[in-house]
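Ligands are counted one by one from 1 in listed order, and the atoms in each one are counted from 1 as well. Everything quoted here is computed from the prediction, not taken from an experiment.
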Amino acid sequence: MLNTFPQSGAYLLFDPGELAYDFGAEHPFQSRRLFALIDLLESSRLWQKSDEEGQLPFRAATTDELELIHTPAYIAAVQQLSTPLPDTASKIEREERERLATAYGFDEGDTPSVPGLHEASAQIAGGTLVALSAVMGLPEGGTYRSEQDRPLHVFHPAGGLHHAWAERASGFCVYNDAAIAIAHVLRASEAKVLYVDFDAHHGDGVQRAFYDDPRVMTVSFHETGHFLFPGTGDVLELGQGIGRGYAVNVPLEPFTEDDSFIEAINALLPPLVLAFAPDVIVSQHGCDTHAWDPLTHLELTMRGIQAQMKLVHQLVHTYCHGRWVALGGGGYDLYRVVPRAWSILWAEMSEQPLPQCLPEEWVTRWRPAWQALAEQEQAEQQVLGKAATPSSFPTTFQDRPEEFPVQARGWSISRTNQRTVALVRQLLLPPPVRQAFPHARYPSAMASMIDLLHVRGSATPSRSKTFETAKGPLLMRDFCPLSLVERLKVESGMCAFARLPEREHQLLINIAKSPDCSLTLAHTPAGEIVGEVTLVPGEEWFKGLVDVYEVAIEVSAHWRGLGVAQALLAFALEFETLEDVILFAMGLSWHWDMEGLGIPVYRYRELISRLFASQGFVEYPTTEPDINMEPGNILLARIGKRVDQHSVDRFMNRLHGSPNLTR
Ligand SMILES: [Zn+2]
Ligand SMILES: [Zn+2]
């Protein structure tokens, strides 16, 4: 058991027993990549063995723990397949063994059953469970002298076996260590977990394990299943039952490259983490996304891979009290990519500057291993349709850009990815969250006018009106400037979209900062915000339509049934200029806080419909953006009196699936 670097709160968890997880020299998944990684970390002095301090109680997962995810029959089968048959085994025994292997997802080509697989897999599952328990303060993570000594970030490079299902092995994965560790946390605490998967392959096993569980949000960025194993991971896989809206899938195009990848993660991860409010993030850093990987086609370089690590690091500190477990995963360029990618991850987690050059001694040791493999890999690349570009062994941690020429079709590929990201945002992010984290916004008709009102609003009070309720008076104000929003507090019942009032405040601040957004608030005389209406330009779906605005409203759970919503909406929309634009409001049933409301979806839909009808909105049938997939969803619009017919026609075309938006 080796780990250290407690001064930054970061621990690296590695046990030599994990090296037994290996499918042999002919298989793409080889544990020699971990040898090369540990050697690189040590020879570059990013990490040293330490037996004295910062020990995590590494151990194998127990059968009870494995059963948190896997069926007893499957575990028994893995155990049996792990024990080699004696040479004296009969033909019948051999056939029975083969039948068992096939029944549980083992096959020679993909995931062969090899001796000792149960032990090695249970070891890896135990490692991730200990890592996550340590970060979450559970007893399995060990005892520490004080909270300051407790690990904040743990990196477990052998983990991340994300394809394993409850009852079968799949895609080189036997036990799903991430799912087991997360299930353990769910059992032992009240915590919510965000799992983010950067592997080139869809994180199907982890998604399946929590598909109906709203306490786990799974987010997977992967190469589209149209071209790659396991074929799943479509945007419309959203979760089921009360877990609907908690599975997020971002299928990216082959040849996505760094810039488009970075754009996608930045457009989605920060708003998802803010809105879901997880207690901890578990991230899987499969580096088979790299351009040199022989199995995949996303064509990233270390720049894109490092961006994902930096973003998660920033998010855990901003939103999760720093609690972070990072795992390895795929990575089939064993010597040129895996050791560098995961060293970069470790340097990020432990806040150490990344050296520029790889240590010469390390290059001398591992270049021959790569050379020996190179011939075989080139043959594999040709089989998989990849051009076998001549390349060399790297001498720096980062990639040299000149070795990765940009694809000619880059623009159209990133355009397709942008549409995918836009659809994910529409489906998974409630409107105010989307509005507070703008992605691709386009020129808006009212921008200059709203901007002007904001500026004026900061000098003189914005328009205001008092509204009397049975609970006391409320002050309504429109075009609220940033200075006002910062001064006010958010009342505790405002948590339908961001789930924590202080996060809701952050959303409102972000919206108030945007020059082309309008924010109308209702607050108590004591300065507590109990209602909000936001008005922002339509995003990607309405690209090219400068006069389309999205309206969203929220009223505190403690101030409902008092007529606040209707009064606030009327106040926000009575502005004369709005006759020049089309307003729309969208409700997707899985965004609605049904628990907080305590009423069925159809009833809520009716309430929304009636509320907006009071301000002249009409319900429209639409195929975009996939509103019609669920009867609880709704799209309402109000077309201003002075909007010309051409704009109306274009808007209607969008609602009925313009070819422009076809994915
Ligand atoms: Zn993979
Ligand atoms: Zn940190």
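- Residue pairs meeting the salt bridge (Lys or Arg N to Asp or Glu O under 4.0 Å) criterion with at least one member in residues 250-262, sequence neighbours excluded, are D258-R303, D259-R303.
- Between the NE2 atom of H153 and the NE2 atom of H317, the angle taken at the Zn ion (ligand 2) works out to 100° after rounding to 10°.
- Around the Zn ion (ligand 1), the protein atoms of type N, O or S that sit closer than 2.8 Å are D199 OD1, H201 ND1, D288 OD2.
- For H162 and F198, the ring centers sit 6.0 Å or farther from each other.
- Considering only heavy atoms from C-beta on, W324 stays 4.5 Å or farther from L152 through its side chain.
- Within the 4.5 Å cutoff, side-chain heavy atoms of F172 are placed close to those of H27.
- Note on R340 versus D399: salt bridge recorded, some NZ/NE/NH1/NH2 to OD/OE distance being below 4.0 Å.
- With contacts defined as side-chain heavy-atom distances shorter than 4.5 Å, the pair L12/W346 qualifies.
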